[in-house]
Amino acid sequence: QKEVEQDPGPLSVPEGAIVSLNCTYSNSAFQYFMWYRQYSRKGPELLMYTYSSGNKEDGRFTAQVDKSSKYISLFIRDSQPSDSATYLCPPQRNNNDMRFGAGTRLTVKP
Amino acid sequence: EPEVTQTPSHQVTQMGQEVILRCVPISNHLYFYWYRQILGQKVEFLVSFYNNEISEKSEIFDDQFSVERPDGSNFTLKIRSTKLEDSAMYFCASSDQGLGANVLTFGAGSRLTVL
């Protein structure tokens with residue numbers, strides 16, 4: 001069983017739409033839940049992270065963790081064409097082994 | 001804002017040649033990583049480095065790969081005898097991992113083309 005499962009998409013939405021990106025994970029020991037964004041031909045960059053359960057909001061982005069169901073979500077409000085990227089939710093296991101899945105490719109059409 | 005710097009941005013080499021990719025991590029970071037991304041595929045973990053030694057490596061990181069921190073600032077990835085399938089974007093990353101979330105900062109990448 002993979003540690004993190006993520007729908008690879010691609011997901012295409014019109015500008016202004018609310019986007020929901022989701023991951024499920026299997027290891028209940030995870031405590032930090034990250035979202036990285038990768039633009040085409042660029043390195044991933046941290047978007048935001050949450051610790052344990054709950055929500056965290058940063059501008060148009062909200063990260064949500066439900067530890068009881070092992071489900072993590074990233075919501076993007078008022079999506080913009082500049083949000084078009086691949087979104088990754090790597091599990092944090094330890095300092096030394098940080099692996100990324102395929103991510104979900106999002107396209108926001110003007 | 002501090003950044004991770006990678007050189008060269010693009011290198012073209014012949015199959016069988018040695019290649020060295022260079023990275024300057026963020027100065028107060030202690031953990032260093034190399035990843036690769038073949039075009040259209042996911043970012044793949046190669047190796048992590050801490051306290052002047054490899055701490056984790058993936059099954060991709062075989063004997064043709066090596067890493068080194070030759071001085072206090074550079075972190076290099078060497079590919080001894082390149083193969084066509086080594087053509088990819090190589091990303092360096094670093095983190096300061098104290099307590100808490102391990103936030104990686106990535107460089108812009110080095111594109112390697114093996115002919």
Side-chain angles (χ1 to χ4, degrees), chain A residues 2-10 21 23 25 27 29-54 56 58 61 63 65 67 72 74 85-107, chain B residues 1-6 9-10 21 23 25-26 29-51 53-61 67 88-112:
Chain A
K2 289 183 183 178
E3 287 192 315
V4 174
E5 300 272 2
Q6 187 175 11
D7 185 341
L21 303 167
C23 295
Y25 65 96
N27 189 338
F30 293 144
Q31 290 191 307
Y32 291 94
F33 303 92
M34 315 272 199
W35 284 98
Y36 281 78
R37 175 176 62 193
Q38 185 182 25
Y39 290 115
S40 181
R41 297 178 180 267
K42 304 285 186 184
E45 58 179 350
L46 180 75
L47 195 55
M48 59 197 304
Y49 69 87
T50 55
Y51 173 71
S52 195
S53 280
K56 184 174 183 178
D58 184 0
F61 299 87
V65 177
K67 290 198 81 175
I72 55 179
L74 179 71
T86 297
Y87 290 82
L88 307 154
C89 53
Q92 180 174 339
R93 294 193 280 187
N94 55 47
N95 294 348
N96 303 313
D97 189 341
M98 189 85 158
R99 304 198 184 207
F100 293 81
T104 301
R105 184 184 297 177
L106 171 68
T107 301
Chain B
E1 187 170 327
E3 59 180 25
V4 175
T5 306
Q6 289 187 243
S9 56
H10 188 195
L21 305 178
C23 171
I26 293 173
H29 283 186
L30 300 176
Y31 294 85
F32 314 113
Y33 308 80
W34 281 103
Y35 291 82
R36 80 173 185 192
Q37 187 171 32
I38 296 168
L39 187 63
Q41 298 186 25
K42 69 178 184 180
V43 176
E44 298 176 291
F45 171 76
L46 292 178
V47 66
S48 59
F49 192 86
Y50 170 71
N51 201 26
E53 60 183 24
I54 290 173
S55 46
E56 293 279 347
K57 61 182 181 179
S58 73
E59 55 281 357
I60 302 169
F61 194 87
V67 289
M89 183 76 98
Y90 289 80
F91 293 107
C92 174
S94 67
S95 72
D96 65 358
Q97 180 64 57
L99 295 174
N102 184 20
V103 176
L104 271 63
T105 302
F106 283 80
S110 293
R111 178 167 299 282
L112 176 64

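A note on names: the letters A, B, ... follow the listed sequences, proteins ahead of strands, and every chain is numbered from 1.
Remark: A:Glu45 engages A:Arg37, A:Tyr39 in a side chain to side chain contact (heavy atoms under 4.5 Å, CB included) (not counting sequence neighbours). With sequence neighbours excluded, the residues forming a side chain to side chain contact (heavy atoms under 4.5 Å, CB included) with A:Met48 are A:Lys56, A:Asp58, A:Phe61, A:Ala63, A:Leu74, listed by chain and number.
Scanning all heavy atoms of the two residues, the minimum distance from A:Arg99 to B:Lys57 falls at NH2-O, 4.3 Å. Smallest separation of non-hydrogen atoms from A:Arg41 and B:Arg111: NH1-NH2, 3.0 Å. Annotation for A:Met34 and B:Asn102: closest pair CE-O, 3.2 Å, computed over non-hydrogen atoms.
Rounding to the nearest 0.5 angstrom, the gap separating the OG1 atom in A:Thr86 from the NZ atom in B:Lys42 is 13.5 Å. Of the inter-residue distances, the one linking B:Gln37 atom CD with A:Lys42 atom NZ reads 13.0 Å to the nearest 0.5 angstrom.
Ranking A:Ala102, A:Ser40, A:Gly101, A:Pro44 against chain B, the residue ahead of the rest is A:Pro44, based on heavy-atom pairs under 4.5 Å.
At least one side-chain heavy atom of B:Leu104 sits under 4.5 Å from a side-chain heavy atom of A:Tyr36.
In this structure, chain A has no heavy atom under 4.5 Å from any part of B:Thr105. Contact annotation for A:Phe33: neither backbone nor side-chain heavy atoms come within less than 4.5 Å of a heavy atom of chain B. Only the side chain of B:Tyr35 comes within contact range of chain A, with heavy atoms under 4.5 Å apart. Interface remark: A:Gln38 contributes side-chain atoms only to the contact with chain B (heavy atom separation under 4.5 Å).
Checked against the 6.0 Å centroid threshold, A:Phe100 and B:Phe106 count as a close aromatic pair.
For A:Lys67, the NZ atom sits in a packed shell: over 12 heavy atoms of surrounding residues, nucleotides or ligands are nearer than 6.0 Å.
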